[in-house]
Amino acid sequence: MEEDKLLIKSCCADFYRSDIVRLLLGDVLHPGGLELTRHLGEAIALGEADMVLDIACGRGASAIHLATTFGCHVTGLDFSCENLATAVKQAESAGVSCRTAFMVGDGERLPFEDGKYDAVISECSLCIFPDKEIAAGEMARVLVPGGRIGITDMALEGDLPADMQTLLSWVACVGGAASVEEYLSLFDRVGLTNFHVEDNSQALKAMVAEVRRKLLGVEVAAGLGTLGSSDVDLTGAKELLKRASRLVDDGVVGYTLITAEKSRSPVTEEYG
Ligand SMILES: C[S@@+](CC[C@H](N)C(=O)[O-])C[C@H]1O[C@@H](n2cnc3c(N)ncnc32)[C@H](O)[C@@H]1O
């Protein structure tokens, strides 16, 4: 079981640092782009005095954007060293090295003391954590009482077909997604309160359409031999995207924004 979880985390880290993902998504690895990140920052009222943690920060685009836009200090944590190396370089170029820090680590085992952060964000990532109860508990643990949390994530409105419950589908953020109700119940169990939920499924629709369009370009480049060697199965990726696109159109998979606060009174039950 522990090995299965490690396999998922490593596959995700490998996938999101790959050249093909860079080609298809660039440095912003979530629907809605930095516009939605800014909206998330506003929704949790970020300000200059805030110490913020971005869990599964990818290539650091959101951490840099939040530090630049709101003047806060942001620590980005990710499982992939390569993504973090890019994040450090990008933060230097953006002139926010003094307000950002990047660390390798596991979102299910945060290397920070209790109550260190005023705010925690995580974008399109809770869906890929194998143990969401532990991940949510860790998010809450590192927040100060009254601290704010903001996530944007894939949300299911029904059951996924069996053939979408594969490792690739999990890595692509679909297979491990939960419903909004499940996310809220999870947050409630770890001592979060004052929930606010917004539907952002249009952003997911736009992203899927854009990635499908770019994938066609990649296919053409691969056919012409102008694409460097890639071990990604383009046919499999195209099929997965086609299926995902149908699920998004049918409303089975959506994208949600959820904010909450850490309760000021202690949680009575242990999570996990
Ligand atoms: C869909 S990407 C989102 C990245 C970033 N939040 C963004 O929106 O640009 C998922 C990220 O989660 C990271 N990841 C996967 N499992 C993780 C874990 N257990 N702990 C920390 N990061 C993890 C991957 O390396 C990848 O960068």
Side-chain angles (χ1 to χ4, degrees), residues 2-22 24-41 52-67 74-88 90-91 100 102-112 119-139 142 149-155 167-177 200 203-204 207-208 210-211 237 240-241 244 253 255-258:
E2 280 309 310
E3 281 119 61
D4 290 349
K5 288 186 193 172
L6 188 59
L7 176 71
I8 290 179
K9 292 174 193 174
S10 308
C11 284
C12 285
D14 285 348
F15 181 70
Y16 286 103
R17 72 171 168 73
S18 66
D19 290 340
I20 188 85
V21 166
R22 197 182 284 264
L24 296 175
L25 297 180
D27 284 337
V28 182
L29 309 174
H30 61 265
L34 293 177
E35 205 179 307
L36 188 56
T37 300
R38 177 193 292 250
H39 180 56
L40 184 66
V52 183
L53 176 64
D54 179 2
I55 299 175
C57 66
R59 300 200 180 105
S62 295
I64 294 166
H65 186 68
L66 294 177
V74 189
T75 298
L77 175 127
D78 200 275
F79 211 61
S80 157
C81 297
E82 285 90 339
N83 276 349
L84 293 167
T86 304
V88 169
Q90 309 273 41
T100 52
F102 294 98
M103 296 185 53
V104 67
D106 184 350
E108 292 183 3
R109 200 175 299 182
L110 295 177
F112 308 112
V120 167
I121 70 149
S122 193
E123 296 169 298
C124 206
S125 296
L126 191 51
C127 60
I128 55 177
F129 288 138
D131 196 327
K132 294 178 185 21
E133 191 92 19
I134 290 188
E138 282 292 89
M139 289 176 175
V142 300
I149 185 165
I151 68 159
T152 63
D153 222 318
M154 306 291 277
L167 181 58
L168 180 60
S169 161
W170 190 295
V171 167
C173 297
V174 178
N200 279 275
L204 178 62
M207 187 187 198
V208 171
E210 174 72 0
V211 172
L240 178 70
L241 267 169
V253 180
Y255 202 67
T256 189
L257 176 151
I258 301 175

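Just follow the structure's listing: the first ligand is 1, and inside any ligand the first atom is 1.
At a 4.0 Å heavy-atom cut-off, ligand 1 does not touch D54 at all. Contact annotation: for F79 versus ligand 1, heavy atoms closer than 4.0 Å belong to both the backbone and the side chain. Heavy atoms from both the backbone and the side chain of A56 come within less than 4.0 Å of ligand 1. Here I128 has side-chain heavy atoms under 4.0 Å from ligand 1, and that is the only part of it that gets that close.
Below 4.0 Å from some heavy atom of G107 lie the following atoms of ligand 1, by number and element: 18 (C), 19 (N), 20 (N), 21 (C). Listed by number with element, the atoms of ligand 1 under 4.0 Å from a non-hydrogen atom of A13 are 25 (O). Distances below 4.0 Å separate heavy atoms of G58 from the following atoms of ligand 1: 4 (C), 5 (C), 27 (O). Here is the list of ligand 1 atoms found below 4.0 Å of a heavy atom in S125: 3 (C), 6 (N), 10 (C). Near C124, with a cut-off below 4.0 Å to any heavy atom, the atoms of ligand 1 are 1 (C). Less than 4.0 angstrom separates some heavy atom of H30 from each of these atoms of ligand 1: 7 (C), 8 (O), 9 (O). Interface of N83 with ligand 1, defined as ligand atoms under 4.0 Å from a residue heavy atom, comprises 27 (O).
A distance of 11.0 Å separates CG of L66 from OG1 of T100, quoted to the nearest 0.5 Å. In this structure, I128 CD1 and Y16 OH are separated by 5.5 Å, a value rounded to the nearest 0.5 Å. L29 contributes atom CG, which lies 11.0 Å from atom CG of L24 (distance to the nearest 0.5 angstrom). Residue R17 holds its CZ atom at 11.5 Å from CG of D78, rounded to the nearest 0.5 Å. Between the CZ atom of F79 and the CD1 atom of I8 there is a distance of 11.0 Å, given to the nearest 0.5 Å. Between atom OG of residue S125 and atom CG of residue L77 there is a gap of 10.5 Å, rounded to the nearest 0.5 Å.
Within the structure, ligand 1 has K9 among the residues with a heavy atom less than 4.0 angstrom away. Close to ligand 1: G105, with a non-hydrogen atom less than 4.0 angstrom away. For the ligand labelled ligand 1, residue S62 lies outside the 4.0 Å heavy-atom shell. Within the structure, ligand 1 has C57 among the residues with a heavy atom less than 4.0 angstrom away.
In E210, the CD atom is crowded: over 12 heavy atoms of neighbouring residues, nucleotides or ligands sit closer than 6.0 Å.
L36 places a side-chain heavy atom less than 4.5 Å from the side chain of L257.
Checked by distance only, ligand 1 and L29 come closer than 3.5 Å through their nitrogen or oxygen atoms. No N or O atom of V28 sits closer than 3.5 Å to an N or O atom of ligand 1. Checked against a 3.5 angstrom limit, the closest N/O atoms of E123 and ligand 1 fall inside it.
Nearest protein heavy-atom contact of atom 27 (O) of ligand 1 is D78 OD2, 2.8 Å. Among protein heavy atoms, atom 19 (N) of ligand 1 sits closest to D106 OD1, 2.9 Å. When hydrogens are left out, the protein atom nearest atom 17 (C) of ligand 1 is F129 CE2, 3.5 Å; that is the closest non-hydrogen contact.
When all heavy atoms of R59 and S18 are compared, the closest pair comes out as NH2-O, 3.8 Å.
Under the 3.5 Å distance criterion, the side-chain polar atoms of S122 are matched with a main-chain donor or acceptor of I55. Formation of a donor-acceptor pair under 3.5 Å by the E108 side chain with backbone atoms of D131 is found in this model.
Of the listed residues (K9, E138, K5), just one forms a side-chain contact (heavy atoms from CB on, under 4.5 Å) with D106, and that residue is K9. Applying side-chain contact (heavy atoms from CB on, under 4.5 Å) to L53 and the options I149, L110, I121 leaves one that passes, L110.
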